[in-house]
Amino acid sequence: MSGYEHKSIEGKWQERWEKQRSAEVDLKNAREKYYMLMMFPYPSGDRLHVGHGRNYILGDALYRYLRMRGRRALNPMGWDSFGLPAENAAIQRGIHPRDWTLDNIRVMKKQFKRWGILYDWSKEITSCLPDYYKWNQWLFLRMLQSGLAYKRRAPVNWCPSCLTVLANEQVIEGACERCGTAVEQRELEQWFLRITGFADRLLEGLDGLSGWPEKVKSMQRNWIGRSVGAEIDFPLAQGGESITVFTTRPDTVHGATFLVLAPEHPLVAKLIADHPQRAEIAAWIEKVRKTPRIEREGESSAKEGRFSGAMAMNHASGEAVPIWLANYVLPDYGSGAIMAVPAHDSRDLAFARQEGLPVRLVYHPDDRAVDPTTLAEPVLGEGRIRNCGEFDGLLPAPETTQRFIAWLDANGWGRAKVTYRLRDWLISRQRYWGTPIPVVYCEACGVVPVPESDLPVELPYDVEFTGREGNPLSRNASFVNTTCPRCQAAARRETDTMDTFVDSSWYYLRYLAARDSQRIFDPETVSRWAPVDQYIGGIEHAILHLLYARFICRVLHDMGLVSFEEPFVNLFNQGMITNFAEKTGRVEKMSKSKGNAISPDALIEEMGADTERVYTLFLGPPEDEVEWSEEAVSGAYRFLNRIWRVAQRIADCPPTAPSDEALERLRHVTIHRVTRDLDRFKFNTAVAALMEFLNGLTRAVDDKTASKIRCEAALDTLVQLLHPMAPHISEELWEMRGHSESLLDTDWPVVDEKRLLREQFQLVVQVDGKLRDRVEVESSWSEKEVRAAVLASPKVVEHLGGREIEKFVFIPGRLANLVTRKEHPV
RNA sequence: GCGAAAGUGGCGGAACUGGUAUACGCGCUAGACUUAGGAUCUAGUCCCGAGCGAUCGGGUUGGGGGUUCGAGUCCCCCCUUUCGCACCA
């Protein structure tokens with residue numbers, strides 16, 4: 001025989017849930033705040049495979065569990081549907097991105113349905129449709145008004161394959177996050193959002209996010225990269241300007257024996273103006289500039305530098321120090337210039353050695369407290385430094401740093417300064433498939449925002465996709481040519497579109513007003529439902545989406561539209577599913593491009609959606625990365641079949657039987673375990689508990705050791721507890737048991753704590769910490785009675801070997817340990 | 001280099017606050033039903049030793065040390081792996 005008829009069962013229940021609109025929530029009339037559960041929005045570029053299933057199946061299991069626990073839950077879903085995959089598909093296959101995207105969405109909705117996933121589709125949003133992206137434009141205009149959006153010429157990351165610029169966050173190790181192509185630097189005029197103005201608030205907010213994984217928080221802290229130190233001015237010896245450097249070690253300023261500027265530094269041209277080898281240096285600068293980021297910042301890349309010929313004054317030491325140019329100083333961090341302290345910085349030391357520059361020790365190895373006004377030998381001297389590592393751990397006390405800053409400040413040589421690694425968010429994209437940026441360029445009026453009443457600026461359908469560089473939008477005359485909203489003269493539209501992360505930075509609020517054509521959302525509704533209680537998604541958005549969403553939430557907060565600053569109270573990162581990839585010969589994240597994605601279709605056809613669900617949840621801890629195993633799936637299938645079969649035999653159970661209490665206890669233990677596990681997202685152990693419960697029930701039915709009424713109660717509980725994981729088969733069995741309501745509307749089984757305790761049990765007995773026997777005792781017994789029972793055990797007596805018991809350790813309900821001697825080392 | 005997490009059978013992994021290590025599943029072995037099975041069911045399955053046997057003894061959570069009556073769990077040192085950041089001054 002094969003399995004139960006999963007196909008007809010699943011089809012039947014999927015239809016029923018759809019008719020009942022099982023997940024739909026009436027926002028307006030709900031009395032209490034519902035628990036808002038949300039998954040990362042699905043980028044509609046890829047067909048769903050079993051790797052994706054983990055996110056959605058986990059979310060659905062949680063949703064069903066919450067409902068049964070009596071927590072009304074809102075479970076919306078939307079489509080993050082702008083972006084490059086659609087446009088690339090258009091170029092490669094000649095399908096319009098809009099048609100391709102909307103078609104994908106239709107297919108994916110069908111796949112969700114096959115998995116038995118209940119979403120509240122009445123809240124569905126599709127970011128590529130004008131009724132959604134209109135509000136991106138509205139938000140942009142408001143940010144433009146308040147100075148949070150601005151346009152600026154700047155060196156930016158350009159992906160030569162995607163033919164567009166990228167945000168810093170989308171550059172991973174110098175390569176495009178999406179396609180892996182090495183990113184080039186280009187000087188372009190682009191739109192930015194001023195996220196740097198929120199750096200401190202974004203950082204501080206992390207401390208309050210107790211429901212977020214530490215990993216994500218530390219990644220964000222790292223990304224923001226706040227460092228505290230000082231700016232110090234070094235006036236040019238020739239007079240005129242100063243070079244300002246940033247340092248976190250102002251206490252080492254006496255040891256600054258030279259300065260290093262990034263070759264891109266604005267003063268460089270002036271410094272080398274009179275240099276005899278000016279041409280050679282200029283050529284070298286050009287070479288460094290053109291070096292891709294990935295190479296320049298790479299670990300192995302050699303330090304290269306040139307002496308500019310100019311000198312600057314180190315106020316602290318009273319000496320003139322040479323100004324060098326080198327590739328190891330980055331133009332976009334701090335001030336693009338450093339004071340080199342070779343005695344206390346390994347990079348400076350390496351460079352000083354290479355170029356034969358002086359090294360001066362500021363700290364004597366034993367001397368930690370340094371006063372800037374009394375610095376002298378031996379604290380300050382020509383050190384015999386072999387390796388900078390010798391002075392690791394010689395970080396100054398915070399007071400020392402403060403003393404130096406105050407001293408520099410008092411002399412007018414420097415001041416306290418905080419810098420960040422975080423850059424402003426570059427949102428311009430030179431691509432078609434995104435939200436048009438709503439501004440117009442007029443020769444007379446300059447940059448003119450499109451009036452709110454003219455929104456949305458619709459993306460035209462009629463464009464040509466050639467795959468050549470240049471935005472297809474800019475070749476669409478009827479889009480580009482317009483009139484200036486201010487002076488009505490001929491003008492042209494901005495053709496850059498927005499980064500798709502703008503769409504997803506506030507979409508969770510739109511779920512609460514998906515059909516509102518009057519405003520972005522209703523602040524009153526939002527105050528009742530948001531923030532999101534539980535957000536589920538992969539780690540890949542730890543700094544992209546999740547940082548942007550936190551930023552935009554603060555922007556909306558400052559606009560008075562939302563009352564909170566953190567959009568997501570709890571975050572759960574499920575691990576990815578991996579599989580062996582023929583192409584690379586390695587186990588890798590399941591994905592279509594790697595050729596190791598497994599389609600759920602064949603699996604569902606053969607063993608059913610419940611099998612996929614149970615297996616996916618059983619595979620391993622949800623937060624860990626797990627490898628898909630084709631063969632192990634059948635274990636989940638067998639489990640479901642065994643439930644099905646035992647349910648058919650339940651009628652044969654006797655009216656009375658001896659071991660009733662044992663089965664009843666097992667039932668309560670299982671309720672306890674499954675409830676606890678689901679509260680902690682431990683779906684893998686919850687499934688294991690249900691398997692054990694089934695094993696117990698099957699034995700009881702086979703051996704006729706439990707009464708029919710107890711077996712039926714056990715089966716009912718099993719079916720209820722199973723429902724979040726395997727909704728179809730559980731609904732069918734529930735109906736077969738004669739219940740008329742859907743399991744979703746039943747109450748989660750309740751544990752009777754008293755049932756967890758046993759009157760009699762096997763007490764573990766140890767002698768000197770080693771397990772020797774198990775003795776049957778009653779829970780009510782006193783320590784004295786237990787001791788007597790333990791000493792009655794022949795095995796225990798044998799192992800005691802006549803020795804005296806020095807200590808009797810008794811842990812009620814668990815064990816007894818007889819300690820005979822304390823060994824004293826000689 | 002800096003930061004974080006983790007090392008448990010042939011494999012994925014259990015073990016709540018220190019208290020029976022190896023639950024549950026895969027795989028494997030034997031058997032049953034079968035024309036056959038990569039279907040299903042039953043039994044067994046951490047390692048070493050003794051015994052025909054039910055059992056008995058010893059060992060085991062990357063390595064070493066410590067705390068404790070008792071350590072996979074806590075502390076210290078070392079090794080390894082994974083992840084994140086990285087010429088960030």
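Order of the sequence lines sets the chain letters (A, B, ...), proteins ahead of strands, with each chain counted from 1.
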Verify, without hydrogens or angle tests, whether Asp610(A) (side chain) and Ile729(A) (backbone) share a donor-acceptor contact under 3.5 angstrom.
yes

Judged by modelled atom types alone, do Tyr333(A) and Thr419(A) share a side-chain donor-acceptor pair under 3.5 Å?
yes

Using a cutoff of under 3.5 Å, can you pull out all pairs of nitrogen or oxygen atoms linking the protein to nucleotides 4-9 of chain B, with atom names and distances?
none

Lys217(A) meets the side chain to side chain donor-acceptor pair (under 3.5 Å) criterion, sequence neighbours left out, with Glu214(A)

What pairs meet the salt bridge (charged side-chain N to carboxylate O under 4.0 Å, His left out) rule with one or both residues in residues 670-680 of chain A, with sequence neighbours excluded?
Arg69(A)-Asp679(A), Arg673(A)-Glu692(A), Asp677(A)-Arg680(A)

Excluding sequence neighbours, so at least two apart, what forms ring-ring contact (aromatic ring centres under 6.0 Å, His included) with Tyr328(A)?
Phe351(A)

Go through Arg54(A) and Thr616(A) one step at a time and tell me if the side chain to side chain donor-acceptor pair (under 3.5 Å) criterion holds.
CA-CA 6 Å; Arg54(A) 197 170 197 204; Thr616(A) 297; over 6 Å; no

Do Asp251(A) and Thr401(A) meet the criterion of a side-chain donor-acceptor pair at a distance under 3.5 Å?
no

What residues, two or more places apart in sequence or in another chain, satisfy salt bridge (charged side-chain N to carboxylate O under 4.0 Å, His left out) together with Asp200(A)?
Arg226(A)

With sequence neighbours excluded, give me every salt bridge (charged side-chain N to carboxylate O under 4.0 Å, His left out) pair touching residues 618-644 of chain A.
Glu623(A)-Lys682(A)

For RNA chain B, find the residues of residues 691-705 of chain A with a heavy-atom distance under 4.0 Å and give them by number; none if there aren't any.
Met691(A), Glu692(A), Asn695(A)

Base, sugar-phosphate, or nothing: which does Lys417(A) touch, judged by heavy atoms less than 4.0 Å apart?
nothing

Trp223(A) six-ring centre to Arg421(A) NZ/CZ under 6.0 Å and within 45° of normal
yes

Would you write out the dot-bracket form of RNA chain B, 5' to 3', with Watson-Crick and G-U pairs under 3.5 Å, [ ] for crossing pairs, | for pairs to other strands and . for unpaired bases?
(((((((..(((......[....)))((((((.......))))))(((((....)))))..(((((..]....))))))))))))....

Does a salt bridge link Glu304(A) with Lys287(A), judged by any charged N lying under 4.0 Å from a carboxylate O?
yes

Under 3.5 Å, N/O pairs linking protein and nucleotides 18-20 of chain B:
residue, atom, partner, partner atom, Å
U20(B), O2, Arg774(A), NE, 3.0
U20(B), O2, Arg774(A), NH2, 2.3

If the threshold is 4.0 Å, N to carboxylate O, is there a salt bridge linking Arg221(A) and Asp207(A)?
yes

Think His799(A) has a side-chain N or O under 4.0 angstrom from the OP1 or OP2 of G57(B)?
yes

Can you list every pair that meets salt bridge (charged side-chain N to carboxylate O under 4.0 Å, His left out) and has a residue in residues 538-548 of chain A, with sequence neighbours left out?
none

Collect all protein-nucleotide pairs involving nucleotides 26-29 of chain B in which both atoms are nitrogen or oxygen and the distance is under 3.5 Å.
residue, atom, partner, partner atom, Å
C26(B), OP1, Arg638(A), NH1, 2.5

Mind checking ring-ring contact (aromatic ring centres under 6.0 Å, His included) for His541(A) and listing every partner two or more places apart, or none if nothing turns up?
Phe40(A), Phe501(A), His545(A)

Between Lys704(A) and Asp652(A), does at least one N-O distance fall below 4.0 Å, as a salt bridge requires?
no

